[in-house]
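Just so you know, these numbers use all the heavy atoms, side chains as well, and skip hydrogens, waters and symmetry mates.
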Amino acid sequence: MNIFTVTMTPINPPYDDGAKNIVLGIANHIKNHNFYFISAFTRRFKAGSNISFIFSPFQGVGMHSMAFFQKIYITLIILLRIQKIDILQFFFTPQMYFSKIFGNLVKRYNKKSIQIVSSVHTLFKKNSAEIIPALFFADYTITHSDYTKNLLTVLGVKNVLKVYPGIEFSRFRANPLGRKSNDLTVLYAGTYKILKESYSFEEFYEISRIVCGNIENLKFIMACRIRSKEDRLYEKTFKKLVEKNNLLQHFIFLNTVEDMPSLINNCSVGIMPSRNQMSGVLEIPLVLLELAAMEKPVIYSAIEPFNELADKGLGVCLNDMSAQKYAETILDILKDRNLYDNISRDSKDAVMKHFDIEKTAIEYQKIYADLEKNNYE
């Protein structure tokens with residue numbers, strides 16, 4: 001079968017966006033179908049013979065929102081290839097204009113389709129609950145958590161399946177010999193906007209103040225992608241805050257990370273503090289799974305659907321989301337080697353059991369097989 005996938009960002013290196021990591025990983029593990037992706041006129045991933053890239057001149061790498069002409073271009077490409085496409089697969093938050101256009105298109109040409117919900121929090125931020133059922137027209141809607149599956153099912157969305165996202169264990173392997181420094185490091189990988197909206201700069205600073213006050217050689221690594229002027233402004237605001245409080249020497253600021261496994265290998269702990277639901281990011285951020293796979297403890301807040309990670313035994317999930325509690329937890333883990341090792345081992349086991357891309361690909365293979373069977377009945 002020929003599967004045409006549309007994502008918000010072009011499928012280009014590096015591995016810095018969860019959606020493209022997942023769909024490319026699935027394609028690499030399912031060899032009996034052909035996959036087509038939109039790519040930019042820059043570098044491209046090395047891929048097997050079953051994967052083809054269609055180049056677009058209208059959107060470069062690093063843009064997180066789809067440009068207007070990119071939308072037109074993708075629609076025209078689909079129309080030109082519609083007779084050869086068996087399954088249309090959409091992996092971004094739907095809005096009404098999109099659903100009307102492509103809902104009519106798949107119906108007119110009798111095409112099978114899949115809609116993948118990247119984040120229910122983003123979905124509800126952009127749309128009212130009343131119109132959400134009308135946004136889903138595909139044969140199957142795939143969610144990344146039971147939480148989202150239940151929400152959409154209650155709203156009346158049909159044929160909702162849950163498939164956990166997966167990561168490539170061939171890429172994310174712990175390598176103690178590869179560590180470049182003995183300094184302790186705490187990694188936050190996300191965006192400044194998400195940090196500001198879901199937690200706060202002031203509380204994050206307070207975490208760092210307490211931790212660095214107890215461990216002199218510790219550094220915080222801010223691996224935050226800068227994709228807009230707003231992101232750049234938030235970065236400057238956060239830097240001014242830590243500089244004002246004489247803590248700048250304890251921070252390392254990164255933008256796009258080309259080699260995430262190497263960065264994680266040189267980190268001690270990963271954190272993702274939040275008080276509010278996080279929109280604009282996968283509802284189960286892959287970086288939490290990547291850290292855990294590489295035997296690094298992760299600390300995060302008890303917000304849905306993160307609770308499902310905790311239920312699987314991954315990392316430390318905090319009901320108390322205060323800066324004080326986050327700092328205390330970081331210090332406890334770093335100062336107690338047995339605790340560190342136990343959390344690392346349990347977390348890696350959880351990722352291997354529930355969030356391996358090979359298992360994700362098997363679930364998608366079943367869905368594709370069902371759609372292929374129904375196509376010929």
Side-chain angles (χ1 to χ4, degrees), residues 6-21 38-44 55-74 91-98 118-119 121-127 187-208 219-245 247-260 263 271-283 285-287:
V6 182
T7 53
M8 184 63 68
T9 59
I11 305 296
N12 285 75
Y15 289 96
D16 65 339
D17 180 81
K20 69 182 179 185
N21 294 2
I38 298 294
S39 185
F41 280 108
T42 54
R43 297 177 299 164
R44 63 179 177 179
F55 295 109
S56 168
F58 298 109
Q59 186 160 333
V61 178
M63 298 176 63
H64 193 55
S65 58
M66 193 180 293
F68 174 76
F69 285 108
Q70 178 81 341
K71 298 174 184 177
I72 300 299
Y73 179 77
I74 291 174
F91 196 163
F92 53 84
T93 302
Q95 292 184 287
M96 189 57 74
Y97 70 88
F98 154 80
S118 56
S119 168
H121 309 313
T122 307
L123 179 68
F124 275 84
K125 184 176 181 179
K126 292 185 175 182
N127 304 279
L187 174 66
Y188 172 80
T191 71
Y192 292 104
K193 182 176 181 180
I194 291 170
L195 179 59
K196 181 177 176 60
E197 292 181 352
S198 66
Y199 203 54
S200 78
F201 288 170
E202 291 74 19
E203 283 189 294
F204 195 95
Y205 158 75
E206 183 64 11
I207 294 172
S208 65
K219 293 185 182 295
F220 279 76
I221 300 177
M222 306 298 290
C224 299
R225 292 168 292 176
I226 306 298
R227 288 177 160 175
S228 65
K229 291 181 179 179
E230 184 181 38
D231 289 335
R232 184 66 67 188
L233 178 61
Y234 283 145
E235 180 189 43
K236 290 180 179 179
T237 302
F238 184 78
K239 282 184 176 180
K240 286 181 179 178
L241 175 63
V242 295
E243 185 175 18
K244 176 184 176 182
N245 291 281
L247 213 62
L248 194 58
Q249 72 274 16
H250 287 281
F251 278 84
I252 298 172
F253 294 93
L254 303 176
N255 187 348
T256 297
V257 177
E258 291 280 342
D259 187 354
M260 200 67 182
L263 175 62
I271 62 172
M272 190 157 284
S274 55
R275 288 186 180 278
N276 308 312
Q277 308 289 5
M278 295 189 297
S279 62
V281 65
L282 291 185
E283 62 189 40
L286 293 193
V287 69

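- Once rounded to the nearest 0.5 Å, the distance linking CG of Asp16 with CD of Glu258 reads 8.0 Å.
- When all heavy atoms of Gly280 and Thr122 are compared, the pair lying nearest together is N-OG1, 2.8 Å.
- Summarising the geometry of Pro10 relative to Ala40, their closest heavy-atom pair is CB-N, 3.8 Å, with the distance given to 0.1 Å.
- Taking CE of Met278 as the reference point, atom CD1 of Ile194 lies at 6.5 Å (rounded to 0.5 Å).
- In plain terms, the two heavy atoms of Lys239 and Leu248 that are nearest each other are O-CD1, 4.3 Å.
- The distance from atom CZ of Phe220 to atom CZ of Phe204, rounded to the nearest 0.5 Å, is 5.5 Å.
- For Phe98, the ring-ring contact (aromatic ring centres under 6.0 Å, His included) partners are Phe90, Phe92, Phe102, Phe137, not counting sequence neighbours.
- In terms of heavy atoms, Asp231 sits closest to Arg225 at OD2-O, 3.9 Å.
- In this structure, Pro285 and Met272 have side chains that are in contact, with non-hydrogen atoms separated by less than 4.5 Å.
- Heavy-atom minimum distance, Gly18 versus Leu282: CA-CD1, 3.6 Å.
- Of the possible polar contacts, one joining the Asn12 side chain to the Arg43 backbone as a donor-acceptor pair under 3.5 Å is found.
- By the neighbour-count criterion of 12 heavy atoms within 6.0 Å, atom CZ of Phe69 is sparsely surrounded, having that number or fewer from other residues, nucleotides or ligands.
- A donor-acceptor pair under 3.5 Å links the side-chain atoms of Gln59 to the main chain of Met8, judged by distance alone.
- Using bins of under 30°, 30° to 60° and over 60° for the plane-to-plane angle, the ring pair Phe201/Tyr192 lands in the perpendicular bin.
- Note that the CG atom of Asn255 and the CZ atom of Arg227 stand 9.5 Å from one another [nearest 0.5 Å].
- Take Phe124 and apply the ring-ring contact (aromatic ring centres under 6.0 Å, His included) test, not counting sequence neighbours, and it matches no residue.
- For the ring pair (Phe, Tyr, Trp, His ring centres under 6.0 Å) test with Phe58, the passing option among Phe41, Phe68, Tyr73 is Tyr73; the others fail.
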Q.
Set out, in order, the CA-CA distance, both residues' side-chain angles and the distance that settles salt bridge (charged side-chain N to carboxylate O under 4.0 Å, His left out) for Lys240 and Glu243, then state yes or no.
A. CA-CA 5 Å; Lys240 286 181 179 178; Glu243 185 175 18; over 6 Å; no
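- A pairwise comparison of heavy atoms in Glu283 and His121 identifies CB-CD2, 4.4 Å as the closest pair.
- You'll find the side chain of Ser118 reaches within 4.5 Å of the side chain of Thr93, heavy atoms only.
- Residues Ile226 and Phe253 fail the side-chain proximity criterion, which asks for heavy atoms closer than 4.5 Å.
- Checked by atom type and distance alone, the side chain of Tyr199 never pairs as donor or acceptor with a backbone atom of Glu202 at under 3.5 Å.
- Here the side chains of Ser279 and Leu123 are not in contact, with every heavy-atom distance at 4.5 Å or above.
- Lys125 pairs by the salt bridge (Lys or Arg N to Asp or Glu O under 4.0 Å) definition with Glu197, not counting sequence neighbours.
- The closest donor-acceptor contact from the side chain of Asn245 to the backbone of Leu247 lies at 3.5 Å or more, if one exists at all.
- Taking 4.5 Å as the limit, every side-chain heavy atom of Leu195 sits out of range of all side-chain heavy atoms of Tyr234.
- Residues meeting the salt bridge (Lys or Arg N to Asp or Glu O under 4.0 Å) test with Lys193, sequence neighbours left out: Glu230.
- Note that the OG1 atom of Thr9 and the CD atom of Gln70 stand 10.0 Å from one another [nearest 0.5 Å].
- Listed by chain and number, the residues in a ring-ring contact (aromatic ring centres under 6.0 Å, His included) with Tyr205 amount to none (sequence neighbours excluded).
- Pro14 has its side chain within reach of Thr256: a pair of non-hydrogen atoms, C-beta onward, lies under 4.5 Å apart.
- Applying the side chain to side chain donor-acceptor pair (under 3.5 Å) rule to Asn276 yields no partners; only residues at least two apart in sequence or on another chain are considered.
- Atom CG in Leu187 sits 5.0 Å away from atom CE in Met260 (nearest 0.5 Å).
- Using a 4.5 Å heavy-atom threshold, the side chains of Asp17 and Thr7 count as separate.
- Annotation: side chain of Leu254 is in contact with side chain of Ile221 (closest heavy-atom distance under 4.5 Å).
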